[in-house]
Structure formats: C-alpha cells, structure tokens
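Beneath this line is the structure, given in structure tokens, with notes to follow.
In what follows, every chain begins at residue 1, and chains take the letters A, B, ... in the order their sequences are listed.
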2 protein chains.
Amino acid sequence: MPSKPLLPIAMDAVYAAPGYLFRRMQQIAVSIFMEECKAFDLTPVQYAALVAIHTHPGIDATRLSAVIAFDRSTLGSVIERLQAKAYIERKPAPEDKRIKLLYLTKSGAAILREIIPAVERAQGRMLEPLKPADRKALMGLLAQLVDLNNEASRVPLRAEDALEHLGKGG
Amino acid sequence: MPSKPLLPIAMDAVYAAPGYLFRRMQQIAVSIFMEECKAFDLTPVQYAALVAIHTHPGIDATRLSAVIAFDRSTLGSVIERLQAKAYIERKPAPEDKRIKLLYLTKSGAAILREIIPAVERAQGRMLEPLKPADRKALMGLLAQLVDLNNEASRVPLRAEDALEHLGKGG
DNA sequence: CCTAGATCGTCAGTATACTGTCAATCAACA
DNA sequence: TGTTGATTGACAGTATACTGACGATCTAGG
C-alpha cells in the first residue's frame, strides 16, 4: 500500500463528495428510466417536456425551459426531435411573431398515456433499495435542497413566474 | 383554472419525482463547481480523473473509467483534453501493447494541489442550505442508495475489482 | 502453433447541457 | 415617431454520457 499520499486527497474524498454522489445518482436514474421506457424511445427530458406541454398547452419554448428547469439552447433540439416524432406541433403566435406555441398532437397524448406506468416503475426502482421511511426522508431533503439552491444554476425564470402570463387568470 | 386534466399526470408529479430531483441537483452541483473553479478551467469529471490518476499512478483508461464510474467511450476525450493541457501523460505499457498507462505531470499535480480549496468550497456550497444534521442524513442516504444501485448503470467493473491487478500487493 | 474468445483503445452516432452570439421582433420611452 | 433595450428562437462551440462497432492485441485451449 502507498505509505503516504503526496496530496491530502484520495479517492475516498471523491466518493463521499456530494458532487460525485449527485452525478452518480443521476447516471443511475437515467439508466433505470431508459431501461423501463426503452419500448417508447423517449428520454427523461423528452418525457418531462411532453408532460409540461400537456399541462400547459400553447406554452412557448422559453417558458417551457423554465418550467422543466432546462437550458433554452438545448431545448431547441429536444423540441425538434419531439416534432420529428410527431408528438408535438408548433404554431406561430398571432400577436407575437417571435414566438412559436407548442401543442401536443394526438399521438403525443397517446404515448404520454402509454408511457406513464413505465415511468412510475422507473421512479419506484430508483428508490427501491431504501426502506420506505428512508425514501421519504431522502426525497424530502432533496426537494428542499433543490428548492433552496434553485438560483445556483442558470434557469432564466422560476417556474411560477414563467407561467404568470400564460392561461391562468386570463 | 383547468377543471380536470386529460391525463392523470401534471407537473407536480414531475417535480416530486426522484428522477427530476436527481437531474436538477446534478445541474446545480455542476453549476456551483464550475463557478468556484472557473479560474482553473477544469470540469468536475476532469477533476475526478486527475484525483484518480494521482491516487493510482500508472492506471489504464479502462480501469480509470471504473474507478470514477465513467463511461469508457467518453473517457477518451476527457483524457485527450487533460493531455492537451499537459496535466497528464500516457506511456505505452511494456508488457501489453494495447494499454497506455496514465501519469500525472508536474503541472497536473500542481493544479490538483491548487484547486482543492475551491473544490471543497464548492462541495460545501452544494449542501449549505441544509441544516448540518440534514446534510449528514442526505449524504448518508444517497451514498447508501448509490451503492445499492451500483449495477443499475453500465460500469464494466466495480472500482475494487478494477484495482485488483494494479500496483497494490505487487 | 493456431484459432476462439476476451480485452484495449478508438470511433461513429445520438442526446443532453452549458456559454455566448445573432437577427428578428417587440415594448417603452424620449 | 424613432431609437434604445429587452425578448425570442436559432446557432456555433465545447463537454459530458450512452450504445454499438471496429481493429489490434492478448490469453486459453486444443
């Protein structure tokens, strides 16, 4: 065994670091999602986008990016792929020529309906190794931490603010 | 307000889903890391690779990918970038012409030494919004979950197995 | 020795994820 | 009204992250 490390850091420090655990858990979560949903050929992000468009029909890309905490630049290609699969359609906004409104197509609504059980299986599997009480504790702490750290990563609008000018209350 | 959703799913279900929280937390963690370490121009993955090569000098790319739970395909470009920055060097293994051994250069060791305070600041900031007891609880649960879910994502070797044939015990 | 299977690094292809930039468009104000 | 500033979608560029495939190489068995 090495007698003394040259630097006061070793792999143990990496394995126990929050950043490492968050990255690893994300890898595992995506892997489980893809495995459960491989029959549908939808990624986690594409799924989240479909749900958001379903929940907020006529949303535009910028607001969608805020709702699912997703970078606007990346979202363009996600939308393109969903459109290529004919799960969504884009219509120009009559009162603002910059904006294109997003709507679920019939087949988009259909695949969303079909994929939900698989997604729920995946979400369940992610936490399965923990005892039920621990699952709850972990999700509670993580939700809290994400909420309190929300501004730390570049999301131009908070989800609630993003929806202010949308259909609710018009 | 919408009287009744067409599908039994809404954004609340996404926001509370483990997969969404894991992805969001990973985004935040990377963002904080990059902010604290921007003076060094090193990504979290590049940092992890440097630490692993420091801890296991002469490791090869396949074993490195297992040690930091990193896909072998992606690792190629990471190694290339670290080599371009002259932080590591690759030497052909004398007894196996397929393998290239990885070593830290002097400037690689130097930047590792210099970046550690920034990395520790970043790791601290990720958990800062939580109470100390909650930080510990979250890390404990997450470490447990990652360990128990380890096989779920494609990592060809477990870290311990990967190091079996390395320098330890020679 | 020689072939079958395994392993190594690499590559192509796809999909996030970020920064920064741009033209088109809109809103607000002098 | 005309100009400034902000917003929108799009793009280029970089960096993970995965699947699947490939030639080169090593190892084991006959």
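Between L145(A) and F22(A), some side-chain heavy-atom pair lies under the 4.5 Å cut-off. Counting only heavy atoms from C-beta outward, the side chains of M34(B) and V30(B) approach each other to under 4.5 Å. Taking 4.5 Å as the limit, some side-chain heavy atom of L42(A) sits within range of a side-chain heavy atom of L82(A).
Side-chain nitrogen and oxygen atoms of Q26(A) include none within less than 4.0 Å of the OP1 or OP2 phosphate oxygen of dC18(D). OP1 or OP2 of dA10(D) sits under 4.0 Å from a side-chain N or O of K100(A). Contact annotation: R90(A) reaches the phosphate of dA10(D) (side-chain N/O to OP1 or OP2, under 4.0 Å). OP1 or OP2 of dG9(D) sits under 4.0 Å from a side-chain N or O of T62(A). Contact check, R81(A) against dT14(C): no side-chain N or O comes under 4.0 Å of OP1 or OP2. Listed pair R63(B) / dT7(C) fails the phosphate criterion, with no side-chain N or O lying under 4.0 Å from OP1 or OP2. Distances shorter than 4.0 Å separate some side-chain N or O of Q46(B) from OP1 or OP2 on dT16(D). Under 4.0 angstrom from either OP1 or OP2 of dT10(C) there lies no side-chain N or O belonging to R98(B).
For F33(A) and dC18(D), the CZ to C1' distance is 15 Å, given to the nearest whole Å. Going from atom CG of D71(A) over to atom C1' of dA15(C) covers 14 Å, rounded to whole Å. With rounding to whole Å, I59(B) atom CD1 is found 12 Å from dC8(C) atom P. Distance CZ (R72(A)) to C1' (dG20(C)): 12 Å, rounded to an integer number of Å. We find that CG of D41(A) is positioned 14 Å from P of dT19(D), with the value rounded to whole Å. Rounding to whole angstrom units, CD1 of residue I79(B) and C1' of dA15(D) are separated by 15 Å. Look at NZ on K91(B): it is 20 Å from C1' on dC8(C), rounded to the nearest Å. Summarising the geometry, the separation between CG on L42(A) and C1' on dT16(C) is reported as 14 Å, rounded to the nearest angstrom.
Distances from the side chain of A61(A) to the nucleotides dG9(D), dA17(C), dC18(D) place dG9(D) closest. Listed nucleotides dC8(C), dC18(C), dT16(D) differ in distance to T74(A); the shortest reach to its side chain belongs to dC18(C).
Nearer to the 5' terminus of DNA chain C, by closest-nucleotide assignment, is the contact made by S73(A) (compared with the other of S73(A) and K97(A)).
Nucleic acid contact class of D96(B) (heavy atoms, under 4.0 Å, all strands): sugar-phosphate only. Within the 4.0 angstrom heavy-atom criterion, only backbone atoms of the sugar-phosphate kind lie near T43(B); the bases stay farther away.
Side-chain atoms of R125(B) and N149(A) include no donor-acceptor pair closer than 3.5 Å. Between the side chains of Q27(B) and R24(B), a donor-acceptor pair is found at a separation under 3.5 Å.
Note that CZ of R135(B) and CG of L141(A) are 12.0 Å apart. Values are rounded to the nearest 0.5 Å.
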